[in-house]
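Step one of this worksheet: look at the structure below.
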Amino acid sequence: MQETNYQARSSVYVAPLRVDKSRRNVGNVAENQISEAMHSRNKSYGAESQSSQHYTPPPSPGASQKSLPPTPSPQQSQSSYLRAFYPFLPTITPGSMTVTLPLNTGDVVMVHSIHDNGWADGTMLSSGVRGWLPTNYCETFEPEEMKSLLDASYDFFEQLLTLSNGSKVTQKCVTSVVAGVRSLLDCTRCLGRDAPTVRNSERINKSRKLLLSELTGMINTSKRLPGHAQYNSNVVLDELVSDMVLRNFKIVLKAVRFLDIWHNLCDEQAQMNSQPFENIPPTPPSEAYGYSNTNSSSASFSSFGHTVSSNTSYFESPSPLSPQSVLSEVQAYFPLNGISAHNSSRPLPSTPHSETPPGSAITRNNHYSPRTPAETVNYSHCRHMTQNMNAHVESISAIHTPSTFALARLNSSHDVLLSYLGSYIGRIHLQARFTPQLQFTHQHSISAAKDLLDVVEAVHARDTDATALACAKNAMYERIDSLIAAANDLFASRFEDVEEEYDEDSGIVIPDGGLSLVEAATGCVRGAGECVAKSKFVIERVGDFELEPSPLAIGLGITTDTPVIEAPLEVTVTTNDASQDVPPLVVEKIPPPPPPKDYPRSDSPLTQLGVDTTLVPPANSMLLPPTPTDDVSRRFSGSSQMLPLQQNSEEVYPELGDLPPPSPIIIDGIFGARVASMGAQSLGTVSTAANSIRGSDLSIISRTSTRATTPDNSAGAEGLSPLGQDDGKLPEDKQVEQEEEASPKSYAEELTFNKEGQITGGTLRALVEQLTIHDSTPDAVFTNTFYLTFRLFTTPTKFAEALVDRFETVDCDASWAKPIRLRVYNAFKTWLETHWRANLDNEALKVIQEFANDSLTIILPSAAMRLLDLTEKASQMDGQLVPRLVSGMGKGNTAAASVASPDTPLPSPIISRSQLLALKYTVNGHARPSILDFDPLEIARQLTLKESRMFCAICPEELLAQEWTKKKSNIATNVRALSTLATNLAHLVAESILDLPDAKVRARVIKHWIKIADRCLELNNYDTLMAIMCTMNTSTIIRLKKTWELVTPKTKQVLDHLRSVIDVSKNHAVLRARLRGHVPPCIPFLGTYLTDLTFVDVGNPSTRPTSIAGSTITLINFDKHIRTANVISELQRFQIPYHISEVPEMQSWLDRELDRIQNSKEADVQALYRRSLLLEPRERQTPRVGGGVGEGADGGMMTAPGSPEKVVGVKVEVVKPVMGGKETGGGSGSGRSDLFAWTHMFRTQSSSSS
Amino acid sequence: MPMKSYHIVILGAGGVGKSCLTAQFTHNVWIEAYDPTIEDSFKKLTVVDGQSLLLDILDTAGTEQFTSMREMYIKSGQGFLLIYSITSLQSIGDLPALHDQICRIKETTEVPLVLVGNKSDLENERVVSRGRASFLANKWGGVPWYESSAKRRVNVDEIFWDLCRQMMRLERGTEEVEVKKEKKKKHACVIL
């Protein structure tokens, strides 16, 4: 694994001035030194052999080979780029097969390989021309600042040219280029528009703008890349790809230019200050201060201090030491990170979480804990690599002034978040390993996101009616949630699979190359953009306002962890409730944390990190002033109450993944908030209004994100503390004891698994046992599937009884009794809170209440109270207690969203005032507008909006057990509404065409609908596309040959493409392939899901027999349910609302039209066909028809027929020959009735319109 | 001999068990679980009269409410199974309209087609008499008519094979109508 990874990496680099023993040189093997082959790249051959012919390098230019410049030492020469320092003009020999590139000083060349005679095969970035160039005219180009961009660009080049029609690859490449540019700007401290460097230098500003606009250009181009391979033609694709490559080159060039200017500037400054600016990569301690001071902005450090000290003297008091000495102290007590804590039983020295430069605030707030000598040694060594990124992100954030105004705050917190996410994505892409560094960035991204959301919340509080903002905000919460979930998944899988190979420094190999993480992170970028855009909109409306300074610490504040990051949350919500009841501070009681060893490994460290918030390490507590103000005391007292439990249980019940190890860990804000709110709950405090608004939002997220994995912490704390104290005295003994004990009684043999380890079958009791498994975290897919589908294989009562059984049969003395009981309690709780379906599940209430009153009260009294409370609520309420998130199925469904355009405002509707007026007038009986009056894109948008609302409203329940086909059931309302809409729309399309007597106008309407369908495809609205295309494919429309003759070939070409998209063959292969590559928002064609669900249901038996110990027993076929859940979760993946502004007039017009169609008896397939026959009869006697109709129809404009009688009259004339031409008597009869129907229709129309 | 490929479309009201028939026919018994979401889910390699055939079966079960889609599905098909349930009068009542639609779209009455009464295992609940079904089959020009049970796998393969034969015959295009009718008479209803 590691080796392949290395190979993949090494292919990125080309050693300059070194023989590349590639196939190209097969002809002159003699020249090659075989020994050097070991180092040559292997993987990039594909790229070369594809794009370059086998050129022979020309003889060395001018000088002999002896005068070649000294080869740079191979160690440092991993660059793939050269830069000319001397111009070179090749002498062009006519007829020569070789291509030699002319060089100008300063040209940058991407090198593919270097021949040992000194010639390099390279591509000139400025022209995109590939050819040979003399290396002795060039120098290695590898500035530290641009490293990631250069790497990314090389990757980009290789990937795009080698294969990869997959848009995912492309997207990944684009993402990493973006990250590269960001990192460059980071390194040069020019990330923000108002960074001092940018403000002070016009040249920097200009080149930065050029660079960014180039980047935007590329992103826009990348959007045009198809979602999958089967797009139009390869030619188009090729063009796009080369366009992308060229644009990428331009980006690099602009970046080079930018860097040059920056270097110049730095040199100038250095001359002035006699201080070399750019040689301070790791941002030394003093610099942060100096920097902010010189800018006379409120320096980040002081502002940070302010943040805290507004209520407490947290930082001012602790030490009279100078900042420097504090820093050195911090360095000395750099904390352990979470992972290392879990793994520290092994001799490996643990890596600190971050390599944050001592100057930044992060370290300052870390818990102080003694470090082992080994760590001290290790610390310095692991600092260097990703330091730059972090350091600069830090310093960037430091630059931003934590203004008190909302708008400024919004902007700066957005910037900070983007910085972190940028480096996050960049890092994943570069390493594809979950290193501690990455984890660090992860956490910071999340706390930055939390900060941003704080601002957004504040804005939202100003204008609670801003639903768009609320949507964006909630979407953002989900996206963060999915980011956390993605990371959690990663950890979960990693801890299950590879226990041995984990290495602190290299981190965990991310299985899919970090794709899910990248997707989740880009989702966050987008979500943040939307949030900010919406917030700005609201701010514009309500006016900018001042925020409290304390809750929103930006800049350095954002990176602060445990206590401080929560303080803001608490400050805003703290009332007098908790602090008064709570004893001041019980710091002294806290026992010192045990030495960081022998911690059991948890299954989800990230979850643990969150929970760790509550832990107050003693050292840190010592720093606290004796009289903390309420917010701190409340928090601390809450956590200190939990402490004894955590320590005991940690030692004794390692399987309780949710209980934190006592090691201090940097935590993220959201989890912190969650734990804080839970802590508040457990203290029995009454939430204030503010608390409930804020806290609930956050806790929904955190609860869902950890729902599957962690039992309720507060309950655990309460319930377990006394018990924990009882038997927690000799932790080590206990642990040994536990190992010796046999495992609990289990029904595990009543389970079947597939190759992937997924449960495929089991008895109810075995499944319930899995749901409440004590020694690992329950699998999220399993849990979600279970709650979604259990009513299909058991009854709520039986499920409740099985849970009670599980609780009661466990041996009371066994060490696993408590975790199992907690899990049972949590299973009930999850069920009641998020999966309760009142009409079905209420039958189980009695069982649950009895259980809570009897068994649970004895063992976990407070949990029993809570459960009773929940049953009370559940019996009264309809629907879930906790509103379910869109991603009810977990697994980071909502994660992905397209990379680009996070800041795009709502597109403004393409509709003129007169059009709006026309739409309004229809109500008052004026002429009906025609679709031709409106822009196809706008109609597509409004249709999409309409569908999207219905689609997003579909609940999982509607999709189970073919619910939607049951006529009597009224569960599947949304599915039915959507199918009705599709049918009505299809008929509307047909009607709008058949309504028109003039073939020319018909052709125009057809063209218009095709355009609308095409726009729907652009909007990823497959459902509407399908509805329109259905009509275009009906014989009713297709047979109108006269009309089609008038449709332009171009339109027909579009139609053909659309047809290929919705092609039904091979089980909708084309459609499925497209959907796989899509990111929401998107409306897939619902029909495929319904068919899939039907077939999963009927194609898989409900039970599966298995033989255990000779006898055959029947298991529940859980695999079937997992498949069902998978289809549903695939559908849910797209349940994200569109970014489209509504045009109410058009919506109501469309509604009226669709209603009219639904109520009209004419919109029946047969009737429509008859009308088609009337328009263009079967017989070939129709030239008259077209002409006659054309004459009769008032010039055939698309507004409603001016005088119905006249038109009808014309029709009747036309119809007569048709009737005569009919073959059968039956046909004639139907023709006649049709004739009347037709006139009726016109009458109804005219009467309805007048 | 090159492999022939045919498109079959399964039609019928919701709840008549057409998806069961399709699943029974296409499902490879060696594979434990049935996954309808992959491209090959509805492909079936079968040998009829010594000729290997690749059948691409389009069964849009679950989307009966999308009536407007039906025509598109019909367009893509070469042969059709019209399925009703012997326990539902309405399900057979829906079929004539479907038959009309097929004939109209295919612009011929000579469409390879099989009429299938499913759920023959539920004899106790029968409401559609055999007479009514065979009358309908004759009215349509003597199309083959079967009663099947997807549940017990009775006449599942047979209906598909019959359809295949019709499609092959149509493709050869030389067979006389006479022969066809003779053959059809042989296909008496096979009952349990």
Side-chain angles (χ1 to χ4, degrees), chain A residues 754 760 962 964-967 975-976 979-980 982-987 989-990 1026-1027 1029-1036 1038-1039 1062-1069 1072-1073 1085-1101 1104 1117 1119-1120 1123 1126-1127 1130 1164-1166 1169, chain B residues 5 7-10 13-28 31-43 54 56-77 90 97-98 100-107 150-151:
Chain A
N754 62 9
T760 54
Q962 303 183 52
W964 68 93
T965 61
K966 293 172 188 159
K967 293 196 175 84
V975 172
R976 287 211 192 121
S979 63
T980 309
T983 309
N984 288 342
L985 181 61
H987 288 159
V989 175
M1026 201 67 152
M1029 289 305 293
C1030 276
T1031 298
M1032 291 298 160
N1033 281 343
T1034 51
S1035 51
T1036 311
I1038 288 180
R1039 62 172 295 287
I1062 57 152
D1063 183 24
V1064 293
S1065 65
K1066 295 179 186 166
N1067 196 9
H1068 289 280
R1072 284 176 199 270
F1085 172 53
L1086 187 63
T1088 44
Y1089 293 106
L1090 298 181
T1091 307
D1092 287 353
L1093 286 165
T1094 306
F1095 275 100
V1096 168
D1097 199 36
V1098 302
N1100 292 294
R1104 54 168 64 212
N1117 186 4
D1119 181 59
K1120 171 178 178 165
R1123 283 172 193 280
N1126 280 342
V1127 176
E1130 182 60 27
D1164 157 59
V1165 179
Q1166 302 248 350
Y1169 188 74
Chain B
S5 166
H7 289 267
I8 295 178
V9 176
I10 321 275
V16 298
K18 51 182 194 298
S19 47
C20 292
L21 277 175
T22 311
Q24 277 281 10
F25 181 66
T26 54
H27 186 31
N28 186 341
I31 301 169
E32 199 182 3
Y34 187 76
D35 183 357
T37 65
I38 49 176
E39 192 178 315
D40 295 338
S41 312
F42 296 98
K43 284 225 180 96
L54 183 62
D56 193 345
I57 298 165
L58 179 66
D59 181 348
T60 57
T63 63
E64 291 82 7
Q65 286 158 16
F66 290 81
T67 47
S68 56
M69 313 276 162
R70 206 189 290 144
E71 183 149 345
M72 198 170 72
Y73 300 143
I74 293 173
K75 262 180 88 76
S76 72
Q90 207 204 324
L98 271 175
D100 285 355
Q101 205 175 357
I102 293 170
C103 293
R104 197 187 71 216
I105 291 165
K106 294 290 164 191
E107 291 173 335
K151 199 172 168 190

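Rounding to the nearest 0.5 angstrom, the gap separating the OG1 atom in Thr60(B) from the NE2 atom in His1068(A) is 7.5 Å. With values rounded to the nearest 0.5 angstrom, Arg104(B) atom CZ is found 5.0 Å from Thr1036(A) atom OG1.
Ranking Val975(A), Asn1033(A), Val1127(A) against chain B, the residue ahead of the rest is Asn1033(A), based on heavy-atom pairs under 4.5 Å. In terms of heavy-atom pairs under 4.5 Å with chain B, the best-connected choice from Val1096(A), Asp1092(A), Ile1062(A), Asp1097(A) is Asp1092(A). Of all the listed residues (Glu107(B), Glu64(B), Met72(B)), the one sharing the greatest number of non-hydrogen pairs under 4.5 Å with chain A is Met72(B). Your options are Ala150(B), Pro36(B), Gly15(B), Gly17(B), and the one with the most heavy-atom pairs under 4.5 Å with chain A is Pro36(B).
Two residues are said to be in side-chain contact when any heavy atoms from C-beta on lie closer than 4.5 Å; Ile1038(A) and Lys75(B) meet this criterion. Between Thr980(A) and Gln65(B) there is no side-chain heavy-atom pair separated by less than 4.5 Å.
Nearest approach of Cys20(B) to Val1098(A), heavy atoms of both residues: SG-CB, 3.9 Å. Closest approach of Ser19(B) to Thr1094(A), counting heavy atoms only: OG-CG2, 3.8 Å. Contact between Met69(B) and Phe1085(A) at its shortest, heavy atoms only, is CE-CE1, 3.7 Å. Minimum heavy-atom separation, Ala23(B) to Phe1095(A): N-CE2, 4.1 Å. For Gln1166(A) against Ala97(B), the heavy-atom pair with the smallest separation is NE2-O, 4.4 Å.
Not counting sequence neighbours, the partners of Asp35(B) by the salt bridge (Lys or Arg N to Asp or Glu O under 4.0 Å) test are Arg1123(A). Under the salt bridge (Lys or Arg N to Asp or Glu O under 4.0 Å) criterion, Asp59(B) pairs with no residue, sequence neighbours left out.
Screening Thr37(B), Leu58(B), Thr63(B) against Thr1091(A) for a side chain to side chain contact (heavy atoms under 4.5 Å, CB included) leaves a single residue, Thr63(B).
Looking at Tyr1169(A), the atoms closer than 4.5 Å to chain B (heavy atoms on both sides) all sit in the side chain, from C-beta outward. Only the side chain of Ser76(B) comes within less than 4.5 Å of a heavy atom of chain A; its backbone N, CA, C and O stay farther away. In this structure, chain B has no heavy atom under 4.5 Å from any part of Leu985(A). At a 4.5 Å heavy-atom cutoff, Arg1039(A) makes no contact with chain B through either its backbone or its side chain. In this structure, chain A has no heavy atom under 4.5 Å from any part of Gln24(B).
Put simply, the side chain of Thr983(A) never gets that close to the backbone of Phe66(B): no donor and acceptor are under 3.5 Å apart. Under a 3.5 Å cut-off, the side chain of Gln962(A) and the backbone N or O of Gly14(B) do not form any donor-acceptor pair.
More than 12 non-hydrogen atoms from other residues, nucleotides or ligands lie less than 6.0 angstrom from NZ of Lys106(B). Heavy-atom contacts from other residues, nucleotides or ligands closer than 6.0 Å to NZ of Lys1066(A) number 12 or fewer.
Glu71(B) and Ser1035(A) share a donor-acceptor pair across their side chains, judged by distance under 3.5 Å alone.
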